[in-house]
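Below: the structure, in structure tokens.
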Amino acid sequence: MRRRYHHRLSNYCLSERIEFLRGCSETWISVRHRPATVKLQAQAFVRRASRRRLPPVRRPRDRHDGSWTLEGSLLPSFQWLPAAANPAQSGAQETPCLLVPVRRESETVRAMADLVVGLAKTVVEGALTKAQSAIEEEAKLQQSVQHNLVFIAGEFEMMHSFLNVANEERVKNNVVRTWVRQVRDLAYDVEDCIEFVIHLDKKPSWWWRLLPRCLAASALPLDEVVSEIEQLKARVEDVSRRNSRYSLISDSGSKPIMQQQMAPGAAIGTIALDMLVEARDTVKKLQGLGDLAQLLTKEEGDLGVISVWGTGSDLGMTSIIRKAYQDPEICPKFECRGWVKLTHPFNLQEFLRSLVVQFYTNSCLQEGSIVNVEELKRIEVMATMEGGFIEAFMNKVNEKRYLIVLENLSTMGDWDTIRTYLPDSKNSSWIIVSTQQCEIASLCIGHSYQVMELKQYSAEHSICVFFKEGSQGHGGKSMESDRVLDNSNEISMQDEAGHGTSLPPCYRISTSKRENARDWVDNFHLVERKSEMNQLCNHIANARVYGLQVLSVWGIAGVGKSALVRNMYYEKIHRSDPVFDKYGWVDVIRPLNLRDFSRSLFLDLHSEPLPTLGIKDPTQECCAILKDSRCLVVIDDLQSIEEWDLIQPALVSRPSQSIIIVITTEASIASHCADNEGAVFNVKGLEDKAAFKLFETQVLSKEPSSPIKDSKDAELQELILKCGGLPKVIVAVADFLAPKTVNLMDSASSLNVKFMQGLESSPEFACLQALFGWMNYYFRTCPDFLKPCIFYLAIFPRDHSIRRRRLVRRWIAEGYSRDTGKSSAEERGEWFFCRLLDLSIIMQKPYPFTTVLNDRRTVSCQVNSFVREYIISRQMEENLVFELGGSCTLTTQRTGRHLIILKSWDRDRIVFESIDFSRLRSLTVFGEWRSFFVSDRMRLLRVLDLEDASGVKYEDLKRMMKLLSRLKYLSLRGCTEIFLLPNSLGDLTQLETLDVRHTSIATMPQTITKLKKLQYIRASTTKPTEEQPIPHTAGTVELTTHTSVSWLSSVFSRHRQLEGVEVPTGMEKMAALHTLGVVSVDSSRGSTILGEVRKLTQLHKFGVSGISRNNSKFFCLAISGHAHLESLSVRLKKDNQDCLNVAPPDYLPPKNLQSFKLYGLGDKLPEWINQLDNLRKLVLEMTVLPENTISSLRDLKVCILRLCIKQLPGGKLNFCVMLNGAQLRCFETVKVLEISCCSSMDVTFGSQALQNLELLKASCCSGSGSVMKFSGIEHLSELKEVQIKGSNDGTLKKDVEGQISRHQKNPVLKME
């Protein structure tokens, strides 16, 4: 069958027309004669050719039949057909025509067949060759990209290694810091480009290369990538050359190459490395051996030799040896002490002369006598006498005990020469040798040696000590026999530590310590810390009751934890508390030396200062005192688990009546040190009101006439809020402003503008240098993976409540939290969040008092304001976050990775469009949205967060989907004006997080199933709750005619009810889904949707509404035995309260479920709820809560129990389970209990119930006629706070206060 091709001719030259016609003929021939594969290629060719639009040509006038033939052509003839059907357009005038092939005579066709077929073969083969060439070109480009990326990856691996050693130097060296910043910016660009490569359309685009260049509309995406990667490769090479050109960082350390002078032999070899490993193993075995001084305690025996070896250089060697050489306990033991730095070549005469002079001068200093110049001259004269000087030296070292340091020993020849003149007189003399050669260090000791690491400076540079086996001091020898006191203080160990003494405890505490305590109590008053003081004292009391020995107090630096503990410490001393008879306070000084630490503690524990103590081992002495006495010991500023692991085995012995309080800045360290979870106390910053109170008190104490009293100045209040509730900072600011009575507000305004700069640089704030030292140290040494997470917190305004999920999902989208071989990005993000909680960088809300360290799944958090100001002051240098607020001026300096638009910004379009968005990765809008906020220059944008923004329209969404194709995170949460998502949502193929909760979106588009990478879907519509309680005189409640059981949200303050959204079928394709909800299954396809959910095996969190008797079986099967499901929220359909009471026979409850919310129940619970062994949070919304139902929950291990009940039988709720007339322990793990009721309620707590409850919240929504009553609150032994809402009953308040007053911990009462 003949094929016809109609096409409008163009105005191209004749040769191009012939090429076009030949293509048509070849295609026609190929259709008739070529195989199927060739046919397809030919058809593709003619389709490409047919796209070339050609202007019309004139109709030839020499042929009356309308046909047209080229002379000498092998083509079939073509016939002109008018392009328009209107006859008026024909005739002599020039009209466009269509050219179609016309069948010739059959013999002509047969005659030309072979030639035409042959020509067709050639042309088709040419087309195929061209296509193959285009494919090969595409493959070569891909190979080029891959090769360049491999090169770039290798370069960045080396740069990463350089940066690991550049951390310290980048702080000091501006050149290095500039280079590091360039590397970082380049890394961002490379990452963006690589991501673009990964996200390229996988469909081949080689066929575009068949078109002539003049017809290509634009460059192909792969060509753009190739060009960009080649430019990036050139930049990488240039950055690498710049490092060498400016001698920035070498591979041997962080210092610039020009500053490094590595000593010969500094490179650590295989033997030395093995020796270093052995030295580090010895540290673990000999934890009690902390420094050289402990090796010098041997009093009788042979001559001892100690070798000190520096593995990488001599850094730190001299200071370590010097500390032991000048130790006040060591010096009196040696009559002759000398230190000689060896020279090359070795000069024996100078060596001996130096030692004799030092022997004499050191003995004079030891005895407190004046150095006789004449004696020194006599020694110098002796040095010139041959023989006599050596004899005098030998007499000294033979008769007296000596300690000699030989610095920089480099050859064994020198050692052998020196040893000739240093005899072994069997009087426990010592020689200390320092060297950088491990072989010499070991040979000086002999064969039976041990090697131990004293201090580690880096992975390859440590200071190690070699010593003879068995020479590490007295070990476990009792120190009681070694104790020597002077005549004025003859106090035996037994008398001092025993309990049989006739002296009362207050007289065994030193006079100076009692004076310090009295001075503290009289002059220092904690402001707004009464609750914390009570809690701390309760912790100590509980420790005594339960036999705990170690408590931990933790909080961010500057929060006042040391002041709080010291206040308690001095109060006990001042009151002569009979619980303790000894008090000791010791600060941890780094590097931690156990011997020095113990010496400081020992001296602080003693009754009176004892100037001359013959203490062999202060560590054992302290251990004995803590074991035999009732001591209260405070260890302040512990900064690592390793430090505690060194202190704990040396000081803590069990059983003991002593208590140790450890103060630290990290929750993880506090948890490690404490005996159990209940022995950990977290000190948090002051709340806003308390912060203002402290500020005002401090100012007025300095300047009583200050106008600060009761000031409501907004700028002053903002200044205090920036202090983050840290008393140390608040007091410093108050002391600064107190004397400025005239220009106080101007000074406050100036400090507010340059807050962090002023605190760090002004001499008036020198008292904060320790705080900034800690901040700088932490931010410099914290893990690299946490630094971007911390800087990212600057995105959120001060005092802004940050949802945990929002923060973690944004971290994932930004690439801060990535999948690893051991954990997912979600798990790592949660761990990052916990780390920031541990460090008090962020604070938990809404339960700031809780001590639960294992429960980090807090719903929301808040960045400490002071920490946020610190982050902002640093991030500008990193060029990360920039914000628009107030009235901004036009400038070209606004650039960065993350843009924040604040509510206060005036929405100036000119300013916005002047910003460089080429590197922008996230856009966060607070307040009003404007359409121009989306720009085609935001091609790298990954995160678009519009949570609670107003003014977002459907047209804005369509523009977002079109321009922001790389989005990974999209949040429209709280945008109530959005009713529909466009179908173009399916074009966001990289989207991982979609949050449209609290919007008006009721249905998800079908195209959402195309988003294969989507992991997180939070969706729900909101509507006002239907019922409105009406007060009733009888104390009951009447509801409107449309009352349903869905009123939980009205009770808990939001007054909004969440409704599920409909999702399309095909959700089973979205295998990456981690979170899905709330999904409405109240439709004909609801069972199908539930069946698809069953196949989503990676689902961790699921929310569903519309469960009824019709689909309950499908629901149970969807979650049955689900291995990963951790959180489940279920809302039952109206009039289906009992649909989950009985599960299908083959149903298995999800074994890992931790959070279960069940709304719309009647008066019964599902039978399988008690099979949820891992449940930690339970929320129940019920019409009626019978007594047997509440008792059935008694054995669940939940931490949070939330009950919302419409009606209580008889208005009573009893948390008391009886068995055979005795109360059972029940609800033992519950820490937070929330009760809400629409009727009167009388709640009773038994003496054995809820023994770990920390927070009690109760609310009533039935109006003023309701009655609330509580009894047994005093039985809740761990209760910290009571919150009551919905009642202004003075009788209730008085009754609850009475119960609280009888509570041993005095919980806080809050009523609204």
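Keep in mind that this is a model prediction, so the values were computed, not measured.
The distance from atom CD of Glu666 to atom CH2 of Trp554, rounded to the nearest 0.5 Å, is 9.5 Å. Expressed to the nearest 0.5 Å, how far CE of Met568 lies from CD1 of Ile573 amounts to 9.5 Å. Met745 CE to Leu719 CG: the interatomic distance, rounded to the nearest 0.5 Å, is 10.5 Å. Between the CD1 atom in Ile556 and the CG atom in Asp838 there is a gap of 12.5 Å [rounded to 0.5 Å]. The structure places CD of Gln535 at 13.0 Å from NZ of Lys530, a figure rounded to the nearest 0.5 Å. Rounded to the nearest 0.5 angstrom, Glu1254 CD and Lys1280 NZ are separated by 4.0 Å.
Taking the centre and axis of the six-membered ring of Tyr570, the NZ or CZ atom of Lys572 falls outside the cone set by 45° and 6.0 Å. Taking the centre and axis of the six-membered ring of Phe580, the NZ or CZ atom of Arg544 falls inside the cone set by 45° and 6.0 Å.
Taking the six-membered ring where tryptophan is involved, the planes of Phe772 and Phe866 are tilted, since the angle between them lies from 30° to 60°. The aromatic rings of Phe765 and Phe736 are tilted relative to each other, their planes meeting at an angle between 30° and 60°. Aromatic ring orientation, His539 versus Phe681: tilted (interplanar angle from 30° to 60°).
Taking the side chain as every heavy atom from C-beta outward, Ile669 and Trp644 never approach each other to under 4.5 Å. You'll find the side chain of Leu700 stays beyond 4.5 Å of the side chain of Gln698, heavy atoms only. Here the side chains of Ile1273 and Leu1279 are in contact, with some heavy-atom distance below 4.5 Å. Residues Asn864 and Leu726 have side chains in contact (heavy-atom distance under 4.5 Å, counting atoms from C-beta outward). Residues Leu651 and Leu601 have side chains in contact (heavy-atom distance under 4.5 Å, counting atoms from C-beta outward). Between His672 and Asp645, the closest side-chain pair of non-hydrogen atoms falls below 4.5 Å. Under the 4.5 Å side-chain criterion, counting only non-hydrogen atoms from C-beta, Leu737 is in contact with Phe695. Inter-residue side-chain proximity for Leu721 and Asp688 is flagged as met; some heavy-atom pair is nearer than 4.5 Å.
Using a cutoff of 4.0 Å between basic side-chain nitrogens and carboxylate oxygens, Asp596 and Lys323 are scored as salt-bridged. Residues Lys693 and Glu528 are not paired through a salt bridge, judged by the lack of any N-O separation under 4.0 Å between the basic side chain and the carboxylate. Taking the charged nitrogens against the carboxylate oxygens, Lys513 and Asp604 do have a contact shorter than 4.0 Å, which makes a salt bridge.
Not one N or O on the side chain of Lys1257 forms a donor-acceptor pair closer than 3.5 Å with the backbone of Gln1283. A donor-acceptor contact shorter than 3.5 Å links the side chain of Asp675 to the backbone of Gln549. Checked by atom type and distance alone, the side chain of Ser762 pairs as donor or acceptor with a backbone atom of Gly758 at under 3.5 Å. Between the side chain of Ser750 and the backbone N or O of Ser747 there is no donor-acceptor pair closer than 3.5 Å. Ser656 places a side-chain N or O within 3.5 Å of a backbone atom of Leu626 that can act as its donor or acceptor partner.
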Quiz item: side chain to side chain donor-acceptor pair (under 3.5 Å) between Ser629 and Asp581: does it pass, once the steps are laid out?
Solution: CA-CA 7 Å; Ser629 301; Asp581 55 19; 4.6 Å; no

Practice problem: Determine, step by step, whether Asp637 and Ile663 satisfy the side chain to side chain contact (heavy atoms under 4.5 Å, CB included) criterion, reporting the C-alpha distance in whole Å, the side-chain angles of both residues, the deciding distance to 0.1 Å, and the verdict. | Solution: CA-CA 6 Å; Asp637 196 25; Ile663 304 176; over 6 Å; no

Self-check item: side chain to side chain contact (heavy atoms under 4.5 Å, CB included) between Glu643 and Ser640, worked out
Solution: CA-CA 5 Å; Glu643 289 177 349; Ser640 71; 3.1 Å; yes

Practice problem: I would like to know whether Val586 and Asp636 meet side chain to side chain contact (heavy atoms under 4.5 Å, CB included); could you show each step before the answer? | Solution: CA-CA 6 Å; Val586 59; Asp636 197 3; over 6 Å; no

Quiz item: Given Glu621 and Thr619, is the side chain to side chain donor-acceptor pair (under 3.5 Å) satisfied, shown in steps?
Solution: CA-CA 5 Å; Glu621 194 82 6; Thr619 302; over 6 Å; no

Practice problem: Let me see the working for Met533 and Glu571 under side chain to side chain contact (heavy atoms under 4.5 Å, CB included), right down to the final yes or no. | Solution: CA-CA 11 Å; Met533 275 297 299; Glu571 278 192 356; 3.9 Å; yes

Exercise. Let me see the working for Ser865 and Glu869 under side chain to side chain donor-acceptor pair (under 3.5 Å), right down to the final yes or no.
Key: CA-CA 6 Å; Ser865 298; Glu869 294 298 321; over 6 Å; no

Practice problem: Let me see the working for Asp1295 and Gln1299 under side chain to side chain donor-acceptor pair (under 3.5 Å), right down to the final yes or no. | Solution: CA-CA 7 Å; Asp1295 179 56; Gln1299 297 181 58; 3.1 Å; yes

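The one candidate from Asn567, Leu564, Asn682, Leu526 that meets the side chain to side chain contact (heavy atoms under 4.5 Å, CB included) condition with Glu532 is Leu564.
Residue-environment remark: CZ (Phe524) exceeds the threshold of 12 foreign heavy atoms within 6.0 Å.
Side-chain contact, Gln1251 with Ser1277: a donor N or O sits under 3.5 Å from an acceptor N or O.
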